[in-house]
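Taking it in order: structure first as C-alpha coordinates, then the write-up.
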There are 2 protein chains.
Amino acid sequence: MNIEKFIKNKKIKLTDARISILEKLFAAHRPLSYNDIKEHISMDKATFYRNIIKFQEEGLVSSFESNDKNRYFEITKSPHPHFICTSCNIIECVQEPVVFDLDGYQIEDIILKGKCESCVNVK
Amino acid sequence: MNIEKFIKNKKIKLTDARISILEKLFAAHRPLSYNDIKEHISMDKATFYRNIIKFQEEGLVSSFESNDKNRYFEITKSPHPHFICTSCNIIECVQEPVVFDLDGYQIEDIILKGKCESCVNVK
DNA sequence: ATATCTTTGCAACTCAGTTGCATAAAAGTC
DNA sequence: GACTTTTATGCAACTGAGTTGCAAAGATAT
(Lines give C-alpha, C1' and ligand atoms only; values in the text may rest on other atoms or scores of the structure.)
Protein backbone atom coordinates (compact mmCIF):
# COMPACT_ATOMS: atom_id res chain seq x y z
CA MET A 1 0.00 0.00 0.00
CA ASN A 2 1.21 3.47 -0.88
CA ILE A 3 0.77 5.68 2.16
CA GLU A 4 1.23 8.91 0.21
CA LYS A 5 -1.61 8.02 -2.12
CA PHE A 6 -3.68 6.90 0.85
CA ILE A 7 -3.35 10.28 2.56
CA LYS A 8 -3.63 12.38 -0.63
CA ASN A 9 -6.77 14.42 -0.95
CA LYS A 10 -7.29 14.32 2.77
CA LYS A 11 -6.83 17.57 4.59
CA ILE A 12 -3.85 16.40 6.61
CA LYS A 13 -0.14 16.86 6.03
CA LEU A 14 2.25 14.06 5.24
CA THR A 15 4.67 13.59 8.14
CA ASP A 16 7.05 10.85 9.22
CA ALA A 17 4.96 10.13 12.29
CA ARG A 18 1.80 9.63 10.24
CA ILE A 19 3.52 7.44 7.68
CA SER A 20 4.96 5.13 10.32
CA ILE A 21 1.64 4.75 12.16
CA LEU A 22 -0.21 3.91 8.96
CA GLU A 23 2.50 1.50 7.81
CA LYS A 24 2.23 -0.43 11.06
CA LEU A 25 -1.54 -0.58 10.86
CA PHE A 26 -1.43 -1.71 7.23
CA ALA A 27 1.11 -4.43 8.00
CA ALA A 28 -0.92 -5.88 10.87
CA HIS A 29 -3.79 -8.20 10.15
CA ARG A 30 -5.52 -7.36 13.36
CA PRO A 31 -6.27 -4.15 15.29
CA LEU A 32 -3.37 -2.74 17.30
CA SER A 33 -3.14 -0.63 20.45
CA TYR A 34 -0.63 2.07 21.24
CA ASN A 35 1.11 -0.39 23.53
CA ASP A 36 1.39 -2.90 20.70
CA ILE A 37 3.44 -0.57 18.53
CA LYS A 38 5.03 1.99 20.83
CA GLU A 39 8.37 0.13 20.66
CA HIS A 40 8.31 0.28 16.88
CA ILE A 41 7.46 3.90 16.34
CA SER A 42 9.52 6.84 17.55
CA MET A 43 7.12 9.54 18.59
CA ASP A 44 5.52 10.91 21.70
CA LYS A 45 2.25 9.28 22.72
CA ALA A 46 0.53 12.63 22.38
CA THR A 47 1.54 12.68 18.72
CA PHE A 48 0.32 9.13 18.25
CA TYR A 49 -3.10 9.77 19.76
CA ARG A 50 -3.56 13.13 18.03
CA ASN A 51 -2.82 11.54 14.68
CA ILE A 52 -5.19 8.68 15.38
CA ILE A 53 -7.92 11.25 16.02
CA LYS A 54 -7.17 12.90 12.67
CA PHE A 55 -7.20 9.55 10.88
CA GLN A 56 -10.57 8.75 12.39
CA GLU A 57 -11.98 12.12 11.40
CA GLU A 58 -10.94 11.36 7.83
CA GLY A 59 -12.39 7.87 8.04
CA LEU A 60 -9.01 6.22 7.45
CA VAL A 61 -8.90 4.43 10.79
CA SER A 62 -11.48 2.78 13.06
CA SER A 63 -11.20 1.89 16.72
CA PHE A 64 -12.86 0.21 19.66
CA GLU A 65 -12.23 -0.44 23.33
CA SER A 66 -11.22 -3.88 24.48
CA ASN A 67 -11.28 -5.76 27.77
CA ASP A 68 -7.76 -4.81 28.71
CA LYS A 69 -8.55 -1.07 28.94
CA ASN A 70 -6.63 -0.37 25.72
CA ARG A 71 -8.11 1.12 22.58
CA TYR A 72 -7.43 -0.79 19.39
CA PHE A 73 -7.00 0.73 15.93
CA GLU A 74 -7.19 -0.63 12.41
CA ILE A 75 -7.31 0.68 8.85
CA THR A 76 -10.95 1.09 7.91
CA LYS A 77 -11.87 -1.76 5.60
CA SER A 78 -15.20 -3.29 4.68
CA PRO A 79 -17.06 -3.88 7.97
CA HIS A 80 -16.33 -7.17 9.71
CA PRO A 81 -16.81 -8.50 13.24
CA HIS A 82 -14.02 -8.75 15.80
CA PHE A 83 -13.27 -11.46 18.29
CA ILE A 84 -11.75 -10.66 21.71
CA CYS A 85 -10.41 -13.48 23.85
CA THR A 86 -11.40 -13.03 27.49
CA SER A 87 -8.40 -15.11 28.60
CA CYS A 88 -5.42 -13.88 26.61
CA ASN A 89 -7.00 -10.64 25.32
CA ILE A 90 -5.91 -11.27 21.75
CA ILE A 91 -8.04 -9.61 19.09
CA GLU A 92 -8.79 -11.13 15.72
CA CYS A 93 -10.76 -10.05 12.69
CA VAL A 94 -13.62 -12.40 11.89
CA GLN A 95 -14.07 -13.22 8.22
CA GLU A 96 -17.39 -15.00 8.44
CA PRO A 97 -20.26 -12.49 8.23
CA VAL A 98 -22.55 -12.18 11.24
CA VAL A 99 -26.02 -11.32 10.13
CA PHE A 100 -28.13 -9.47 12.60
CA ASP A 101 -30.92 -6.97 12.35
CA LEU A 102 -32.39 -4.96 15.15
CA ASP A 103 -35.51 -3.03 14.29
CA GLY A 104 -34.93 0.72 14.27
CA TYR A 105 -31.27 0.38 15.14
CA GLN A 106 -28.27 0.85 12.89
CA ILE A 107 -25.56 -1.72 13.59
CA GLU A 108 -22.02 -0.53 12.83
CA ASP A 109 -19.82 -3.09 14.50
CA ILE A 110 -20.09 -6.49 16.13
CA ILE A 111 -17.76 -7.71 18.84
CA LEU A 112 -17.67 -11.33 19.90
CA LYS A 113 -16.12 -12.22 23.24
CA GLY A 114 -15.07 -15.64 24.43
CA LYS A 115 -12.21 -18.10 24.40
CA CYS A 116 -9.95 -18.33 21.36
CA GLU A 117 -8.76 -21.64 19.93
CA SER A 118 -5.62 -21.61 22.09
CA CYS A 119 -7.41 -20.75 25.33
CA VAL A 120 -10.58 -22.83 24.95
CA ASN A 121 -8.73 -26.05 25.81
CA VAL A 122 -6.52 -24.70 28.56
CA LYS A 123 -8.77 -24.34 31.55
CA MET B 1 -35.48 -10.61 44.64
CA ASN B 2 -34.19 -11.54 48.06
CA ILE B 3 -30.58 -10.44 48.32
CA GLU B 4 -29.90 -12.53 51.42
CA LYS B 5 -30.98 -15.69 49.65
CA PHE B 6 -29.02 -14.62 46.60
CA ILE B 7 -25.79 -14.34 48.57
CA LYS B 8 -26.41 -17.39 50.79
CA ASN B 9 -24.11 -20.32 50.21
CA LYS B 10 -21.54 -18.05 48.63
CA LYS B 11 -18.37 -17.56 50.59
CA ILE B 12 -18.92 -13.84 51.15
CA LYS B 13 -20.34 -11.97 54.10
CA LEU B 14 -23.59 -10.07 54.01
CA THR B 15 -22.89 -6.35 54.42
CA ASP B 16 -24.86 -3.17 53.82
CA ALA B 17 -22.55 -2.20 50.98
CA ARG B 18 -23.07 -5.50 49.17
CA ILE B 19 -26.82 -5.43 49.64
CA SER B 20 -27.13 -1.94 48.20
CA ILE B 21 -24.95 -2.72 45.16
CA LEU B 22 -26.94 -5.85 44.35
CA GLU B 23 -30.26 -4.07 44.90
CA LYS B 24 -29.30 -1.40 42.40
CA LEU B 25 -28.15 -3.95 39.84
CA PHE B 26 -31.34 -5.99 40.27
CA ALA B 27 -33.54 -2.93 39.88
CA ALA B 28 -31.87 -1.81 36.65
CA HIS B 29 -32.82 -3.42 33.40
CA ARG B 30 -29.51 -2.62 31.80
CA PRO B 31 -25.86 -2.83 32.87
CA LEU B 32 -24.66 -0.02 35.15
CA SER B 33 -21.28 1.60 35.73
CA TYR B 34 -19.89 2.91 38.99
CA ASN B 35 -20.64 6.41 37.76
CA ASP B 36 -24.26 5.45 37.12
CA ILE B 37 -24.91 4.56 40.74
CA LYS B 38 -22.31 6.34 42.84
CA GLU B 39 -24.85 9.00 43.84
CA HIS B 40 -27.23 6.32 45.10
CA ILE B 41 -24.87 4.23 47.15
CA SER B 42 -22.88 5.43 50.15
CA MET B 43 -19.55 3.70 50.06
CA ASP B 44 -16.02 4.36 48.97
CA LYS B 45 -15.26 3.45 45.37
CA ALA B 46 -12.62 1.00 46.59
CA THR B 47 -15.36 -0.85 48.44
CA PHE B 48 -17.56 -0.81 45.36
CA TYR B 49 -14.91 -2.22 43.05
CA ARG B 50 -13.66 -4.79 45.56
CA ASN B 51 -17.18 -6.08 46.02
CA ILE B 52 -17.76 -6.23 42.28
CA ILE B 53 -14.64 -8.40 42.01
CA LYS B 54 -16.03 -10.75 44.67
CA PHE B 55 -19.40 -10.90 42.93
CA GLN B 56 -17.71 -11.80 39.69
CA GLU B 57 -15.63 -14.50 41.36
CA GLU B 58 -18.86 -16.01 42.63
CA GLY B 59 -20.52 -15.69 39.24
CA LEU B 60 -23.21 -13.36 40.55
CA VAL B 61 -22.23 -10.41 38.37
CA SER B 62 -20.88 -10.02 34.83
CA SER B 63 -19.15 -7.04 33.27
CA PHE B 64 -17.71 -5.56 30.11
CA GLU B 65 -15.95 -2.43 28.93
CA SER B 66 -17.83 0.12 26.90
CA ASN B 67 -16.88 2.93 24.55
CA ASP B 68 -16.90 5.57 27.24
CA LYS B 69 -14.02 3.97 29.16
CA ASN B 70 -16.35 2.84 31.93
CA ARG B 71 -16.90 -0.75 32.97
CA TYR B 72 -20.52 -1.88 33.11
CA PHE B 73 -21.96 -4.44 35.50
CA GLU B 74 -25.11 -6.56 35.56
CA ILE B 75 -26.55 -9.47 37.47
CA THR B 76 -25.58 -12.65 35.64
CA LYS B 77 -28.63 -13.91 33.81
CA SER B 78 -29.06 -16.20 30.85
CA PRO B 79 -26.63 -14.97 28.21
CA HIS B 80 -27.91 -12.24 25.90
CA PRO B 81 -26.29 -9.71 23.56
CA HIS B 82 -25.75 -6.06 24.45
CA PHE B 83 -26.16 -2.98 22.34
CA ILE B 84 -23.93 0.07 22.81
CA CYS B 85 -24.87 3.33 21.12
CA THR B 86 -21.81 5.02 19.63
CA SER B 87 -23.53 8.41 19.86
CA CYS B 88 -25.12 8.61 23.30
CA ASN B 89 -23.25 5.63 24.87
CA ILE B 90 -26.43 4.12 26.27
CA ILE B 91 -26.30 0.38 26.81
CA GLU B 92 -29.26 -1.93 26.33
CA CYS B 93 -29.83 -5.63 26.72
CA VAL B 94 -30.91 -7.28 23.47
CA GLN B 95 -33.68 -9.82 23.79
CA GLU B 96 -33.51 -11.27 20.26
CA PRO B 97 -30.98 -14.07 20.15
CA VAL B 98 -27.95 -13.62 17.91
CA VAL B 99 -26.86 -16.96 16.56
CA PHE B 100 -23.24 -17.26 15.64
CA ASP B 101 -20.78 -20.10 15.57
CA LEU B 102 -17.07 -19.81 15.10
CA ASP B 103 -15.27 -23.09 14.64
CA GLY B 104 -13.01 -23.90 17.57
CA TYR B 105 -14.00 -20.79 19.48
CA GLN B 106 -16.26 -20.49 22.49
CA ILE B 107 -18.48 -17.41 22.30
CA GLU B 108 -19.46 -15.97 25.70
CA ASP B 109 -20.83 -12.56 24.88
CA ILE B 110 -21.90 -10.55 21.86
CA ILE B 111 -21.73 -6.77 21.73
CA LEU B 112 -23.44 -4.80 18.99
CA LYS B 113 -22.38 -1.22 18.39
CA GLY B 114 -24.23 1.38 16.38
CA LYS B 115 -26.91 4.03 16.61
CA CYS B 116 -29.84 3.51 18.93
CA GLU B 117 -33.42 4.36 17.93
CA SER B 118 -33.11 7.89 19.36
CA CYS B 119 -29.76 8.67 17.73
CA VAL B 120 -30.24 7.03 14.34
CA ASN B 121 -32.47 9.86 13.13
CA VAL B 122 -30.60 12.76 14.66
CA LYS B 123 -27.57 13.29 12.49
C1' DA C 1 13.40 32.50 0.83
C1' DT C 2 9.37 33.73 3.37
C1' DA C 3 4.99 33.67 5.41
C1' DT C 4 1.23 30.76 7.17
C1' DC C 5 -0.72 27.12 9.13
C1' DT C 6 -0.16 22.49 11.08
C1' DT C 7 2.37 19.17 13.69
C1' DT C 8 5.56 17.78 17.23
C1' DG C 9 7.68 16.91 21.94
C1' DC C 10 7.51 17.82 26.54
C1' DA C 11 5.41 18.11 30.86
C1' DA C 12 1.55 18.44 33.39
C1' DC C 13 -2.95 16.83 33.83
C1' DT C 14 -7.42 13.78 34.00
C1' DC C 15 -10.08 10.09 35.42
C1' DA C 16 -11.46 5.13 36.06
C1' DG C 17 -9.90 1.73 38.58
C1' DT C 18 -6.36 -0.42 42.15
C1' DT C 19 -3.65 -1.08 46.39
C1' DG C 20 -1.69 -0.71 51.33
C1' DC C 21 -2.89 -0.19 55.72
C1' DA C 22 -5.16 0.62 60.03
C1' DT C 23 -9.84 0.30 61.84
C1' DA C 24 -14.48 -1.67 61.95
C1' DA C 25 -17.80 -4.88 61.50
C1' DA C 26 -19.50 -9.91 60.32
C1' DA C 27 -20.10 -14.72 61.75
C1' DG C 28 -18.95 -18.60 64.55
C1' DT C 29 -17.99 -20.39 69.37
C1' DC C 30 -18.40 -20.51 74.22
C1' DG D 1 -23.86 -11.34 75.48
C1' DA D 2 -18.56 -11.47 75.44
C1' DC D 3 -14.61 -13.35 72.87
C1' DT D 4 -12.02 -14.69 68.80
C1' DT D 5 -11.06 -15.03 64.06
C1' DT D 6 -11.74 -13.67 59.61
C1' DT D 7 -13.28 -10.56 56.26
C1' DA D 8 -14.84 -5.90 54.83
C1' DT D 9 -14.44 -0.91 54.95
C1' DG D 10 -12.64 3.99 54.40
C1' DC D 11 -9.02 6.79 53.42
C1' DA D 12 -5.27 8.28 50.86
C1' DA D 13 -1.91 7.40 47.73
C1' DC D 14 -1.02 5.23 43.50
C1' DT D 15 -1.37 3.42 38.40
C1' DG D 16 -1.72 3.70 33.55
C1' DA D 17 -4.19 4.95 29.24
C1' DG D 18 -5.32 8.80 27.12
C1' DT D 19 -5.60 14.26 26.86
C1' DT D 20 -4.20 19.15 26.82
C1' DG D 21 -1.41 23.67 26.84
C1' DC D 22 2.34 25.67 25.00
C1' DA D 23 6.52 26.89 22.66
C1' DA D 24 9.47 25.15 19.03
C1' DA D 25 9.88 22.65 14.62
C1' DG D 26 8.29 21.24 10.19
C1' DA D 27 5.16 21.08 5.95
C1' DT D 28 3.10 23.39 2.03
C1' DA D 29 1.95 27.46 -0.89
C1' DT D 30 3.47 31.83 -2.80
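Bear in mind the structure is a predicted one, so any value in this text is a computation, not a measurement. Letters A, B, ... mirror the listed sequences (proteins, then strands); counts begin at 1. All values below come from the heavy atoms of this structure, side chains included, with hydrogens, waters and symmetry mates left out.
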Length of the [atom1]-[atom2] vector between [X] and [N], whole Å:
{"X": "A/K69", "N": "C/dC15", "atom1": "NZ", "atom2": "P", "answer": "18 Å"}
{"X": "A/L32", "N": "D/dA17", "atom1": "CG", "atom2": "P", "answer": "15 Å"}
{"X": "A/Y49", "N": "C/dC10", "atom1": "OH", "atom2": "C1'", "answer": "17 Å"}
{"X": "B/D68", "N": "D/dG18", "atom1": "CG", "atom2": "P", "answer": "14 Å"}
{"X": "A/Y72", "N": "D/dA17", "atom1": "OH", "atom2": "P", "answer": "10 Å"}
{"X": "A/K45", "N": "D/dT15", "atom1": "NZ", "atom2": "P", "answer": "14 Å"}
{"X": "B/I21", "N": "C/dG17", "atom1": "CD1", "atom2": "P", "answer": "13 Å"}
{"X": "A/E65", "N": "D/dG18", "atom1": "CD", "atom2": "P", "answer": "7 Å"}

First of A/F48 and B/N35 reached from the 5' end of DNA chain C, by closest nucleotide: A/F48
When A/M43 and B/F73 are each assigned the nearest nucleotide of DNA chain C, the 5'-most assignment goes to A/M43
Check this for me: does any side-chain nitrogen of one of B/R30 and B/E74 sit under 4.0 Å from a carboxylate oxygen of the other? no
Does B/R71 come within less than 4.0 Å of B/E65, counting only side-chain N to carboxylate O? yes
Check the phosphate of C/dT7 against A/R18, side-chain N and O only, distance under 4.0 Å to OP1 or OP2. Yes or no? yes
Take atom NZ of B/K11 as the centre, draw a 6.0 Å sphere, and report whether it contains more than 12 heavy atoms from other residues, nucleotides or ligands. no
Without hydrogens or angle criteria, can the side chains of A/N35 and A/K38 be said to hold a donor-acceptor pair below 3.5 Å? yes
Checking all strands, does [X] fall into the base, sugar-phosphate, or nothing category for heavy-atom contacts under 4.0 angstrom?
{"X": "A/K54", "value": "sugar-phosphate"}
{"X": "A/N70", "value": "sugar-phosphate"}
{"X": "A/R50", "value": "base"}

A/D44 side chain: which of D/dG18, C/dA16, C/dC10 is closest? C/dC10
From C-beta outward on A/I53, which listed nucleotide comes closest to its side chain: C/dT8, D/dT19, C/dC10? D/dT19
Does the plane of the ring in A/Y34 sit parallel, tilted or perpendicular to the ring in A/Y49? Use 30° and 60° as the thresholds. tilted
Could you say whether B/A46 or A/S33 is positioned toward the 5' end of DNA chain D, judged by the nucleotide with the nearest heavy atom to each? B/A46
Between B/K24 and B/D36, is any pair of side-chain heavy atoms under 4.5 Å apart? no
Closest non-hydrogen contact found for B/S20 with B/I41 is OG-CG2, 3.9 Å
For nucleotides 24-30 of chain C, just jot down a letter per nucleotide in 5' to 3' order: B, S or -, based on protein non-hydrogen atoms under 4.0 Å. --BS---
